[in-house]
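Down below is the structure, laid out as C-alpha cells.
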Amino acid sequence: MEYKGLMIILDGVGDRSCPQLQGQTPLEAASLPVLDRMARDGVAGMIDPLSPGAPVGTHIGTGVLMGLAPADATVLARGPVEAAGIGLPVQPGDVLFRCNFATLEAQEGRLQIRDRRSGRILEQTEDLAAALRDIPLGDGITGSLYPTTQHRAVLLLRGAGLSSAVSDTDPGSGRMSAGVRPATAADATDEAAQRTARAVNRFVEEAHRRLVEHPVNADREARGLLPATGIITRSPGSVAPLRNLVTSLGVDAAVIAGERTVEGLGRLFGFHTVRKPGFSALPHTDLEGKLAAALAELEHRDLVFLHIKGPDICAHDRDPLGKKACLERVDRMLDALRRPDLAIAVTGDHSTDSNRGRHCGDPVPAFTIAPNGRRDQVSAFNESACIAGGLGRISATAFLLGLLDAMGVVSNYRPCDRDYLFH
C-alpha cells in the first residue's frame with residue numbers, strides 16, 4: 001500500500017435548483033473555499049449510486065460507496081441494516097423492518113398520518129419502544145420495537161414461517177393523505193407472506209392503541225410537541241451475508257458516522273465503528289470531533305469512511321438555506337485536514353431535493369485528490385462544475401475503486417473481481 005485513504009460521504013449532498021437560493025443548489029450557493037481548493041487539486045465527476053435516474057436510500061447509496069457488491073445492493077433491505085446499527089441480536093428466520101415513530105390519528109376506521117416523523121422526535125423513544133416489546137400477534141409470532149436514531153426504529157418479528165415479501169405500511173411523504181397502508185403479501189398465494197402481513201398489521205394497530213395513552217406523549221403534547229402515537233413500517237428483510245470489495249482486498253477500514261444505518265453497514269461489513277458523545281445524525285453534530293476521530297483511526301487503519309448526515313436532514317426538512325449552512329460548516333471543519341500523504345475522496349450517497357424533501361435520481365458531485373494524482377479543469381465542488389470533470393459520470397463502485405487504486409491496493413483485474421465490476 002502506497003497511501004492511506006479517507007472517503008468523506010456527505011449524505012444527500014446533491015440537490016436541484018432552489019427558488020430560495022435564486023435558482024442555485026445549496027452546493028452552488030454555499031461558500032466552500034476548502035472544498036473548492038481540494039476539487040481544483042484533484043479530478044471531479046458525477047456519480048450514479050446504483051443506476052442513472054434511480055433514487056436510492058442511504059443504506060444502498062452509502063453501502064455501495066463502502067464496497068457493497070452492486071448485485072447485493074439491489075436486494076439489501078433497510079431493516080437488517082438498522083438492526084445491525086444498534087447491535088440487535090437476531091436469529092435465523094427473523095424479519096426486520098425499518099420503522100418511523102409517527103403521529104397517527106384514528107379516523108373512520110383508518111389510521112391517518114399527521115406527521116411521518118413525530119416532529120423528528122429526539123428523546124424518550126426508548127420509553128415508547130419499551131411499551132412495544134414481545135407483543136403476541138397470532139400464529140406463534142411476536143413483535144418487538146427498538147429505537148435507533150431520532151424518529152427511527154426497528155421492528156423485529158419472530159416466529160416460524162415468516163417472509164419479508166410484504167409491502168410497506170408507510171405510504172411515503174408524497175402520499176400521506178392516503179393514511180397508513182395495510183401490509184400485504186407480494187404474492188397472494190404465499191402463505192408465509194400472508195401470515196407476516198397479518199402480524200405487521202396487528203402490530204401497527206396495537207402500537208397505536210398503546211402509544212396514544214403513553215405518558216411520554218401526554219408530556220409531549222403538554223409541551224406543544226407532536227406525540228408519537230404509532231409506527232409506520234418499510235423495507236423488511238432478513239440478515240444475509242454481504243459481499244464487500246474493501247474486505248475482499250484485505251483493507252482494514254473504519255467508519256465514523258453517528259448514524260445507525262451507516263454504523264449498521266460498517267458492522268455488517270466487518271469494519272471498525274467509532275461512536276463518541278456528540279456524534280449524531282443532526283446538522284449540529286460535532287464535525288471537528290468526527291474529523292479528529294477519523295485522523296486518529298488512520299494512524300492504525302488503511303481506510304476511513306467519514307459520514308455526515310446533516311445535509312440530507314436539512315433537505316428532507318425542505319430547508320435549502322439550512323443545507324447551505326451545514327455544507328459551509330463542513331467546509332470550515334475540513335480546513336484542519338492537512339494530510340498531503342492521504343488519498344481523499346469526497347461525494348454523497350445520493351441527491352436529495354430540498355424543494356420536495358425527497359431523494360431524487362440526479363447524479364452526485366464527487367472528486368478525488370491523491371499524491372501524484374491527476375487533475376482536471378474543475379475549480380469548484382458543486383453540481384454544475386463537477387459535471388464537466390475528468391471522471392465523467394461513473395458508478396459509485398467505480399469511484400471507490402479509483403480511491404482504492406490511488407491508495408495502491410488494487411491489482412490487475414481478476415475473474416474474482418467480477419461481482420464488483422458488473423451487474
Side-chain angles (χ1 to χ4, degrees), residues 12 55 57-58 78-79 82 97-133 135 143-155 166-184 197 200-236 260-261 281-283 309 312-320 322-323 352-359:
T58 292
R78 187 72 170 262
E82 295 280 341
F97 298 74
R98 187 260 178 98
C99 303
N100 281 11
F101 284 103
T103 304
L104 307 182
E105 298 174 349
Q107 296 179 8
E108 299 179 354
R110 296 198 62 182
L111 290 175
Q112 297 298 325
I113 303 173
R114 183 178 170 193
D115 189 288
R116 290 178 62 250
R117 302 182 180 95
S118 298
R120 290 199 181 276
I121 184 171
L122 293 172
E123 56 190 7
Q124 296 182 288
T125 53
E126 179 58 59
D127 294 334
L128 294 170
L132 303 175
R133 300 274 166 79
I135 297 176
S144 297
L145 194 77
Y146 300 88
T148 58
T149 304
Q150 294 179 282
H151 57 276
R152 302 181 187 94
V154 172
L155 168 61
V166 298
S167 65
D168 299 343
T169 64
D170 180 0
S173 59
R175 304 178 184 87
M176 281 177 47
S177 60
V180 177
R181 291 178 169 178
T184 59
V200 172
N201 292 330
R202 288 169 184 155
F203 190 92
V204 170
E205 293 169 2
E206 182 64 15
H208 176 66
R209 188 186 70 79
R210 296 189 184 196
L211 294 182
V212 162
E213 303 297 331
H214 200 286
V216 167
N217 283 322
D219 176 65
R220 286 181 65 81
E221 290 187 284
R223 291 186 288 144
L225 301 173
L226 286 171
T229 51
I231 66 158
I232 46 180
T233 65
R234 63 185 183 275
S235 198
R260 296 297 192 181
T261 303
L282 297 174
K309 184 70 173 176
D312 188 57
I313 296 293
C314 295
H316 279 298
D317 288 343
R318 302 185 183 187
D319 181 13
K323 185 172 181 178
T352 308
D353 182 1
S354 294
N355 303 292
R356 298 186 303 158
R358 298 171 59 185
H359 295 186

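Keep in mind the model is a prediction, meaning the values are calculated, not measured.
The main-chain N or O of Pro227 is found under 3.5 Å from a side-chain atom of Thr103 such that the two form a donor-acceptor pair. Side chain of Thr184 to backbone of Ser167: no donor-acceptor contact under 3.5 angstrom is found. In terms of modelled atom types and a separation under 3.5 Å, the side chain of Asp168 and the main chain of Ser235 share a donor-acceptor contact. Panel note: side chain Thr149, backbone Arg260; a donor-acceptor pair is recorded below 3.5 Å. Looking only at distances, no side-chain donor or acceptor of Arg117 sits under 3.5 Å from a matching main-chain atom of Ala102. His316 places a side-chain N or O within donor-acceptor distance of the main-chain N or O of Gly357, the cut-off being under 3.5 Å. Between the side chain of Asn217 and the backbone N or O of Ala228, at least one donor-acceptor pair lies under 3.5 Å. Asn100 places a side-chain N or O within donor-acceptor distance of the main-chain N or O of Arg116, the cut-off being under 3.5 Å. Between the side chain of Arg220 and the backbone N or O of Ser118 there is at least one donor-acceptor pair closer than 3.5 Å.
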Exercise for review: Please assess Asp170 against Arg98 for the test side-chain contact (heavy atoms from CB on, under 4.5 Å), listing each intermediate value before the final yes or no.
Suggested key: CA-CA 10 Å; Asp170 180 0; Arg98 187 260 178 98; over 6 Å; no

Practice item. Walk me through it: do Val166 and Phe97 pass the test side-chain contact (heavy atoms from CB on, under 4.5 Å)? Key: CA-CA 10 Å; Val166 298; Phe97 298 74; 3.8 Å; yes

Practice item. Could you walk me through whether Ile232 and Val204 pass side-chain contact (heavy atoms from CB on, under 4.5 Å), step by step? Key: CA-CA 7 Å; Ile232 46 180; Val204 170; over 6 Å; no

Practice item. Mind running side-chain contact (heavy atoms from CB on, under 4.5 Å) on His151 and Ile121 for me, showing each step along the way? Key: CA-CA 5 Å; His151 57 276; Ile121 184 171; 3.9 Å; yes

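For the atom pair CD of Gln150 and CG of Leu122, the computed distance is 5.5 Å after rounding to the nearest 0.5 Å. The CD atom of Gln107 sits 11.5 Å away from atom CD1 of Ile113, with the distance rounded to the nearest 0.5 Å. Within the model, atoms CZ of Arg202 and CD1 of Ile135 stand 13.0 Å from one another, a figure rounded to the nearest 0.5 Å.
Looking at every heavy atom in both residues, Ala207 comes nearest to Leu132 through CA-CD2, 3.7 Å. Taking each heavy atom of Cys99 and Leu155 in turn, the nearest pair found is SG-CB, 3.5 Å. Summarising the geometry of Lys323 relative to Gly12, their closest heavy-atom pair is NZ-O, 2.6 Å, with the distance given to 0.1 Å. The nearest pair of heavy atoms linking Thr58 to Arg78 is N-NH1, 4.1 Å. A pairwise comparison of heavy atoms in Ala153 and Phe101 identifies CB-CE1, 4.0 Å as the closest pair. The two residues Leu111 and His208 come nearest to each other via the heavy atoms CD2-CD2, 3.4 Å.
Between Glu206 and Arg210 there is a salt bridge, since at least one side-chain N of the basic residue sits less than 4.0 Å from a carboxylate O of the acidic one. A salt bridge links Arg223 to Asp219: at least one charged side-chain nitrogen sits closer than 4.0 Å to a carboxylate oxygen.
Looking only at side-chain heavy atoms (C-beta outward), Leu282 and Arg120 stay at 4.5 Å or farther from each other. A heavy-atom distance below 4.5 Å is found between the side chains of Glu82 and Thr261. The closest side-chain heavy-atom distance from Thr125 to Thr148 is not below 4.5 Å.
Considering Asp115, Val212, Thr229 in turn, Thr229 is the only one that fulfils the side-chain contact (heavy atoms from CB on, under 4.5 Å) rule with Leu104.
Enclosure of atom CD in Glu213 is not indicated, since only 12 or fewer non-hydrogen atoms of other residues, nucleotides or ligands lie within 6.0 angstrom.
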